[in-house]
Amino acid sequence: MLYNLHEVLPKASQQKYAVAAPNVFNLETVETSIRIADELKSPVIVSYYEMEDDDIIFEIASMTEFFARKYSNASVVLHLDHGKSFHSIIRAIRAGFTSVMIDRSQCTFAENAEETQEICKIAHAVGVTVEAELGHVGAGTSYEEERESGLTRVHEVKKFIDMTGIDCLAPAIGTAHGPYRGEPKLDFNLLKEIKEAANIPLALHGGSATGDANLKKTIELGINKINIFSDLSFSGVGEIKKCMEAKDHPHIMEVFAAGAGGYGEKLKHYINLFSSSGKA
């Protein structure tokens with residue numbers, strides 16, 4: 001069975017844990033995400049990052065629905081990550097996604113709020129939840145240049161939530177997407193103020209390479225959903241390299257299994273770190 005964010009995150013907010021949101025892109029990553037969550041009896045937010053004019057979105061939806069039925073100990077949300085266009089968000093809803101993110105974080109406040117409100121009206125009419133970003137979480141490769149300018153402004157938080165009707169807010173508190181150039185510097189005081197201003201669950205983008213201690217502290221201060229991909233990918237690639245080095249001619253299925261195994265072990269680490277085990 002599939003759930004939406006409203007059916008998963010309020011409990012996380014009340015009990016002060018976070019739900020892992022691993023990015024998926026094929027059958028192996030979809031099944032591994034749900035299988036690991038099932039093993040740990042955890043909720044999981046299966047997140048697909050949109051590709052322009054990409055019909056794989058329908059395949060991801062079908063695979064997720066199948067494995068959510070197969071692994072019934074997991075509470076699975078199917079989520080569109082960083083929806084960039086109206087077209088792609090509507091396609092995701094049509095495909096069966098139970099949650100979508102609209103990313104207008106590089107627009108003005110007014111444009112972000114207006115377009116997010118429009119998506120909320122459509123999505124909520126069919127039981128789909130909506131996440132939006134306020135402030136801007138940039139790339140780790142340009143971390144030093146972009147960190148300060150992208151931080152969320154606390155005085156805009158409540159206004160944005162009230163105007164749009166979103167179900168989850170992704171603030172920018174000093175994380176970045178992908179490996180950091182330099183050390184991550186999270187503004188925990190800012191996060192505390194944002195949590196006090198918001199009346200909805202909060203998502204953290206850029207969980208990979210941020211550090212276990214930092215992530216634990218964000219959860220203590222109110223983060224309820226944490227996006228991760230780079231660390232899962234690096235772990236999977238590492239196991240593939242080991243498989244290739246161990247045999248001169250490994251079978252392709254061995255290579256796939258090694259990659260999925262590395263991805264899954266790192267995801268297991270994060271689910272335990274986020275304290276969502278047993279919370280499905």
Side-chain angles (χ1 to χ4, degrees), residues 1-10 19-27 29-30 33-34 43-69 75-137 159-172 177 198 200-206 224-225 227 229:
M1 180 175 177
L2 294 178
Y3 299 84
N4 61 34
L5 293 183
H6 187 64
E7 295 168 309
V8 169
L9 292 188
V19 181
N23 278 119
V24 301
F25 53 90
N26 62 3
L27 185 146
T29 51
V30 171
S33 296
I34 299 174
V44 66
I45 300 166
V46 173
S47 300
Y48 177 69
Y49 184 85
E50 68 158 331
M51 300 293 180
E52 191 172 350
D53 295 326
D54 190 355
D55 284 336
I56 195 176
I57 196 168
F58 293 96
E59 297 174 18
I60 294 291
S62 295
M63 289 187 286
T64 303
E65 186 178 359
F66 173 82
F67 289 118
R69 290 196 305 269
S75 300
V76 182
V77 177
L78 176 55
H79 181 71
L80 178 70
D81 191 26
H82 290 285
K84 298 292 186 183
S85 69
F86 181 87
H87 175 72
S88 65
I89 293 171
I90 298 306
R91 273 164 52 91
I93 294 172
R94 179 168 162 247
F97 280 59
T98 57
S99 182
V100 295
M101 178 192 182
I102 172 172
D103 184 357
R104 298 294 183 273
S105 59
Q106 291 181 287
C107 297
T108 65
F109 176 90
E111 290 169 333
N112 190 353
E114 181 181 359
E115 294 186 37
T116 300
Q117 181 187 54
E118 181 182 17
I119 290 298
C120 282
K121 286 181 180 178
I122 296 168
H124 288 167
V126 290
V128 173
T129 47
V130 180
E131 175 187 336
E133 187 170 322
L134 185 62
H136 179 63
V137 180
K159 181 179 179 182
F160 185 80
I161 293 170
D162 290 345
M163 288 177 66
T164 60
I166 56 171
D167 304 283
C168 180
L169 176 70
H177 293 106
I200 59 173
L202 300 180
L204 184 74
H205 285 244
N224 314 118
K225 168 182 176 281
N227 288 32
F229 178 63

Could you pull out all residues at least two apart from [X] that satisfy side-chain hydrogen bond (donor to acceptor under 3.5 Å, both in side chains)?
{"X": "Ser85", "answer": "Ser88"}
{"X": "Thr116", "answer": "Asn112"}
{"X": "Thr129", "answer": "Ser99"}
{"X": "Asp103", "answer": "His82, Lys84, Ser105"}

Are the side chains of Leu27 and Phe67 in touch, meaning some heavy atoms are under 4.5 Å apart? yes

Side chain to side chain, Ile57 and Phe97, heavy atoms closer than 4.5 Å: yes

Return the minimal non-hydrogen interatomic distance between [X] and [Y], and the atom names on each side.
{"X": "Asp81", "Y": "Met101", "result": "OD1-SD, 3.8 Å"}
{"X": "Pro43", "Y": "Val8", "result": "CB-CG1, 3.8 Å"}
{"X": "His177", "Y": "Gly206", "result": "CD2-N, 4.2 Å"}
{"X": "Glu131", "Y": "Leu5", "result": "CB-CD1, 4.4 Å"}
{"X": "Leu78", "Y": "Gly96", "result": "CD2-O, 4.0 Å"}

Going by the rule ring pair (Phe, Tyr, Trp, His ring centres under 6.0 Å), which residues pair with Phe58 if we only count those two or more places apart in sequence or in a different chain? none

Applying side chain to side chain contact (heavy atoms under 4.5 Å, CB included), name anything that partners Ile56, two or more places apart in sequence or on another chain. Tyr48, Asp54, Glu59, Ile60

Counterpart residues, side chain to side chain contact (heavy atoms under 4.5 Å, CB included), relative to Ala68 (two or more places apart): Leu2, Val76

Arg69: which residues meet the salt bridge (charged side-chain N to carboxylate O under 4.0 Å, His left out) condition with it, sequence neighbours left out? Glu65

Results of salt bridge (charged side-chain N to carboxylate O under 4.0 Å, His left out) for Glu7 - residues two or more places apart only: none

Taking atom CG of Leu80 and atom CD1 of Ile102, what is their separation to the nearest 0.5 Å? 10.5 Å

How far does CE of Met63 sit from CD1 of Ile34, to the nearest 0.5 angstrom? 9.5 Å

Counting distance only, does the side-chain N/O of [X] pair as donor-acceptor with the main-chain N or O of [Y] below 3.5 Å?
{"X": "Asn227", "Y": "Ala203", "value": "no"}
{"X": "Asn23", "Y": "Ser47", "value": "yes"}
{"X": "Asn224", "Y": "Leu202", "value": "yes"}
{"X": "Thr29", "Y": "Asn26", "value": "yes"}

Side chains of residues 160-172: which donor-acceptor pairs under 3.5 Å do they make with residues two or more places apart or in other chains?
unit_1 : atom_1 : unit_2 : atom_2 : d
Asp162 : OD2    : Lys158 : NZ     : 2.7
Thr164 : OG1    : Phe160 : O      : 2.8
Thr164 : OG1    : Ile166 : N      : 3.4
Asp167 : OD2    : His124 : NE2    : 2.7
Asp167 : OD2    : Val130 : N      : 2.8

Scan for salt bridge (Lys or Arg N to Asp or Glu O under 4.0 Å) pairs involving residues 106-129, sequence neighbours excluded, and state none if there are none. Arg104-Glu115

